[in-house]
Amino acid sequence: MHRHEGPPPRKFVPFAVVGVLAALTGAGLLIGEYDDRPPWGTDIAYEGGYVLASRIRGYDADGSRTKALIAGGCVRLEREGQGGDRAVHDPAAWVEGCLDGAAGRPSGNQGLVR
């Protein structure tokens, strides 16, 4: 049998260096574009508001907290910073998700096609 050693390092190293530089450049462009906010931050914010309001609605026996959420409570929660880390990504989407969850509507982020 003949053993093949592969390409010599002088041919392999330049391709490896170019690949690493391309990956670093791509990562730098993504970081520059989105900084601390992930590309799917709007979806994260919406679902955060939706889940919070759904939980409040589920534990609200007399319906008073749910009515308060719909009548401006979602905006107040977000303004006071009670939306958590998820609301920071897109406050308007968080409020929209909160209102949908409080009203009992299905999440706008469900399904394959939105």
Side-chain angles (χ1 to χ4, degrees):
M1 287 186 127
H2 178 69
R3 185 173 166 189
H4 182 64
E5 297 290 327
R10 71 178 182 272
K11 289 186 179 178
F12 176 72
V13 170
F15 289 115
V17 168
V18 168
V20 168
L21 288 176
L24 289 174
T25 301
L29 290 173
L30 283 174
I31 290 170
E33 178 70 26
Y34 295 106
D35 197 22
D36 288 338
R37 182 185 184 275
W40 52 90
T42 300
D43 294 340
I44 292 171
Y46 179 90
E47 286 300 320
Y50 186 85
V51 168
L52 178 70
S54 294
R55 287 181 182 162
I56 291 172
R57 180 184 164 99
Y59 288 105
D60 187 16
D62 63 354
S64 62
R65 292 197 63 201
T66 302
K67 290 177 186 173
L69 283 177
I70 293 172
C74 289
V75 174
R76 183 183 48 79
L77 285 174
E78 191 279 320
R79 193 175 302 138
E80 292 174 355
Q82 295 181 19
D85 293 337
R86 294 173 183 233
V88 173
H89 296 306
D90 189 344
W94 189 92
V95 170
E96 181 184 349
C98 180
L99 290 171
D100 286 349
R105 292 188 287 266
S107 171
N109 290 341
Q110 290 180 349
L112 296 175
V113 180
R114 294 187 253 163

Output, in order, the C-alpha distance, side-chain angles, deciding distance and verdict of side chain to side chain contact (heavy atoms under 4.5 Å, CB included) for L77 and L69.
-> CA-CA 9 Å; L77 285 174; L69 283 177; 3.6 Å; yes
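Put simply, I70 and Y50 are part of two different groups of oily side chains (I, L, V, M, F, W, Y) that touch within less than 4.5 Å, one to the next. Hydrophobic clustering places V13 together with L21 (ILVMFWY residues linked when any side-chain heavy atoms are closer than 4.5 Å, directly or through intermediates). When the side chains of ILVMFWY residues are joined at heavy-atom separations under 4.5 Å, either directly or via intervening members, V95 and L52 end up in a single hydrophobic cluster.
Across R65 and D60, no two heavy atoms sit closer than the pair N-OD2, 2.9 Å. Counting all heavy atoms, side chain and backbone alike, A53 lies closest to C98 at CB-O, 3.1 Å. Taking every heavy atom of both residues into account, S54 and G101 meet most closely at OG-CA, 3.8 Å.
Around the CG atom of D62, the shell of radius 6.0 Å holds more than 12 heavy atoms that belong to other residues, nucleotides or ligands.
Of the options E47, E78, H89, a side chain to side chain contact (heavy atoms under 4.5 Å, CB included) to W94 is made by E78 and by none of the others.
Considering CZ of R105 and CG of D100, their distance stands at 4.5 Å, rounded to 0.5 Å. In this structure, CG on L99 lies 9.5 Å from OH on Y46, to the nearest 0.5 angstrom.
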